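Side-chain atoms are counted along with the backbone in the values below, which use heavy atoms only and exclude waters and symmetry mates. Keep in mind it's a predicted model, so treat the numbers as computed, not measured. Atoms within each ligand, like the ligands themselves, are counted from 1 in listed order.
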Amino acid sequence: MRLLVVEDDRDLNRQLVKALGQAGYAVDSAFDGEEGQFLGETEPYDAVILDLGLPKIDGVSVLEAWRVTGRKMPVLVLTARDGWSDKVRGFDAGADDYVTKPFHIEEILARLRALVRRATGHASSDLVCGPIRVDTRAGRVLVHGEPIRLTSHEYRLMSYLMHHIGRIISRTELVEHLYDQDFDRDSNTIEVFVGRLRKKLGVDVIKTIRGLGYLIEPPTTL
Ligand code: CA
């Protein structure tokens, strides 16, 4: 999962990027409305954290511009304490949720998990497929109830595939959602990653669909 943080307070921006990175997300950051709007229009984010008070273009205008151009990613807005009118404007502009400053990072993380799982059609923070369970709260993967050790990239890959269970995911899509902007992207490395992940999982759940990409099939229910 790949996120965008648009926040002009440099310290806060850095803290968010660090915490989100530790939680297993790929993260890009922008420090003003113009840069944020551009990134949100051109990169495929799984969710965005958007401060409303921004230089150059304010957060509400950025959000309105995204929605007008058909960008549907979930957006969590950051508002000032007592900023009830900001919350109303934020929701009317197309926000999905808000957090009031100052906040605890755990609240941001929980709200993001909820936004991402709702956007991908899941009701629970546990994503299950046969013997595999992705615990998105703890950021870990279990096979037959046993946690397995994954690198952050491998976890991100598994989490993305499980959020999109039943859909074929191309290598290009994986590259776009697993790496931040500054990462040296190469879709060939995806194949290597998938190979390593399969070996660690030890069960055959990730199917290769020749010429199209990868698929985790939902277990057939009788
Ligand atoms: Ca601000």
> Which atom, among the N/O/S set of D51, is closest to the Ca ion (ligand 1)?
Replying inline: OD2
> Any N/O/S atom, backbone or side chain, of D8 lying under 3.0 Å from the Ca ion (ligand 1)?
Replying inline: yes
>> Looking at the Ca ion (ligand 1), is there an N, O or S atom belonging to G53 that lies under 3.0 Å away from it?
In response: yes
> Are R14 and D11 ion-paired here, with the side-chain N under 4.0 Å from a carboxylate O?
Replying inline: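 Here R14 pairs with D11 in a salt bridge, since their nearest N and O are under 4.0 Å apart.
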>> Just to verify, which of I169, T120, D46, V134 counts as forming a side chain to side chain contact (heavy atoms under 4.5 Å, CB included) with H163?
In response: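 When I169, T120, D46, V134 are each tested with H163, the side chain to side chain contact (heavy atoms under 4.5 Å, CB included) holds only for T120.
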> How long is the span from the CG atom in L161 to the CZ atom in R156, to the nearest 0.5 Å?
Replying inline: 13.5 Å
> Is there side-chain contact between V48 and L39, with heavy atoms separated by less than 4.5 Å?
Replying inline: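 Heavy-atom side-chain distance check fails, nothing below 4.5 Å.
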